[in-house]
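The next block holds one structure in the form of structure tokens; read it before the comments.
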Amino acid sequence: MSDLQKRVLDDVKAAMRAGDKDRLTVLRMLSAELKQREVVESTTITDAVVTAAVEKMVKQRRDSESQFRSGNRPDLADKEAAEIQMLLGYLPQQLTEAEISALLDQAVAETGATSGKDMGKVMAWIKPRVAGRTDMGKLSGLIKAKLG
């Protein structure tokens, strides 16, 4: 069992003891996602698998939050935002704008990228270095802007 998976299970128990229903619901969804990956995909649960599952859940909630906000449902959007904050606690420390910019400059220099056609090379270089530490959608936009 990975350290992150153990932490999730320990937090489920703590949320049950504390009677924190909102946190318990989110943690149970995460635990179910991990169990599905373990059983259906026959994957050994590592910290990387847990991080990928959390990133997926955060992305889903960000999409839902934006849809709820555009649909004039601030109550549901706020619930999604709260769930995002709970899930972000299981991801590594997020990169700052300056760190992302420095990595992006390094990626462009090392891959020799000059135009939008080289975006795949830059993404392949940078993705393993930022996994779980930044929003890949925003990163993609920054790469597009950088390559013009």
Side-chain angles (χ1 to χ4, degrees), residues 1-41 43-108 113 116 118-148:
M1 180 179 292
S2 79
D3 292 339
L4 271 177
Q5 184 181 20
K6 183 175 180 347
R7 186 173 146 212
V8 169
L9 296 176
D10 289 346
D11 288 350
V12 166
K13 292 174 190 172
M16 277 195 263
R17 287 187 195 110
D20 188 349
K21 292 182 181 185
D22 293 335
R23 185 167 184 76
L24 182 60
T25 300
V26 172
L27 292 172
R28 281 185 172 159
M29 282 189 276
L30 177 56
S31 182
E33 175 71 23
L34 295 175
K35 186 57 106 176
Q36 178 183 357
R37 287 176 185 231
E38 185 175 39
V39 173
V40 175
E41 299 174 13
T43 306
T44 302
I45 302 298
T46 62
D47 284 350
V49 172
V50 175
T51 299
V54 171
E55 285 178 324
K56 176 185 170 191
M57 292 178 72
V58 167
K59 183 179 185 306
Q60 289 171 336
R61 276 151 187 76
R62 282 190 175 133
D63 292 343
S64 297
E65 180 186 12
S66 69
Q67 289 177 2
F68 287 139
R69 294 225 186 271
S70 66
N72 200 23
R73 293 297 308 264
D75 54 329
L76 295 175
D78 292 344
K79 180 180 178 282
E80 295 293 328
E83 289 181 5
I84 289 169
Q85 291 306 311
M86 283 183 235
L87 289 168
L88 288 177
Y90 295 95
L91 291 177
Q93 172 117 12
Q94 299 294 295
L95 294 172
T96 65
E97 294 289 329
E99 291 170 324
I100 293 171
S101 180
L103 275 171
L104 191 52
D105 291 341
Q106 185 180 358
V108 169
D118 299 322
M119 186 168 169
K121 286 189 223 175
V122 175
M123 281 298 279
W125 186 93
I126 204 167
K127 190 173 182 178
R129 291 165 175 81
V130 300
R133 301 187 310 155
T134 190
D135 179 5
M136 295 307 286
K138 288 180 183 176
L139 181 63
S140 176
L142 291 172
I143 293 171
K144 283 180 186 173
K146 181 96 174 159
L147 297 177

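The model shown is predicted, which means the values in this text are computed figures rather than measured ones. Throughout, numbering of the chain's residues begins at 1 and tracks the sequence.
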Do [X] and [Y] come within less than 4.5 Å of each other through their side chains, counting heavy atoms only?
X: Lys146; Y: Asp105; result: yes
X: Leu103; Y: Ser101; result: no
X: Thr46; Y: Val49; result: yes
X: Asp78; Y: Arg69; result: yes

>> Which residues pass the side-chain hydrogen bond (donor to acceptor under 3.5 Å, both in side chains) test with Arg61, not counting sequence neighbours?
In response: Glu83
For the student: nearest non-hydrogen atoms of [X] and [Y], plus distance:
X: Leu9; Y: Ser31; value: CD2-OG, 3.8 Å
X: Glu33; Y: Ala53; value: CG-CB, 3.8 Å
X: Val50; Y: Gln5; value: CG2-N, 4.0 Å
X: Leu87; Y: Val54; value: O-CG1, 3.3 Å
X: Ala77; Y: Glu65; value: O-CG, 3.7 Å
X: Ala107; Y: Val122; value: CB-CG1, 3.9 Å

How far does [atom1] of [X] sit from [atom2] of [Y], to the nearest 0.5 angstrom?
X: Ile126; Y: Gln106; atom1: CD1; atom2: CD; value: 8.5 Å
X: Arg17; Y: Leu24; atom1: CZ; atom2: CG; value: 12.0 Å
X: Met123; Y: Ile143; atom1: CE; atom2: CD1; value: 5.0 Å
X: Lys59; Y: Lys56; atom1: NZ; atom2: NZ; value: 10.5 Å
X: Leu95; Y: Asp135; atom1: CG; atom2: CG; value: 11.5 Å
X: Ile100; Y: Leu142; atom1: CD1; atom2: CG; value: 6.5 Å

Is there a donor-acceptor contact under 3.5 Å from the side chain of [X] to the main chain of [Y]?
X: Glu41; Y: Val39; result: no
X: Ser64; Y: Gln60; result: yes
X: Ser140; Y: Met136; result: no

> Does a sphere of radius 6.0 Å around NZ in Lys79 hold more than 12 heavy atoms from other residues, nucleotides or ligands, not counting ones at 6.0 Å or beyond?
Replying inline: no
> More than 12 non-hydrogen atoms from neighbouring residues, nucleotides or ligands closer than 6.0 Å to CD on Gln93, yes or no?
Replying inline: no
> With Tyr90, which of Thr51, Asp11, Asp47 fulfils side-chain hydrogen bond (donor to acceptor under 3.5 Å, both in side chains)?
Replying inline: Asp11
>> Assess the residue pair Val12 and Met16 against the criterion (side chain to side chain contact (heavy atoms under 4.5 Å, CB included)); give the C-alpha distance rounded to whole Å, side-chain angles, the decisive distance to 0.1 Å, and a yes or no.
In response: CA-CA 6 Å; Val12 166; Met16 277 195 263; 3.6 Å; yes
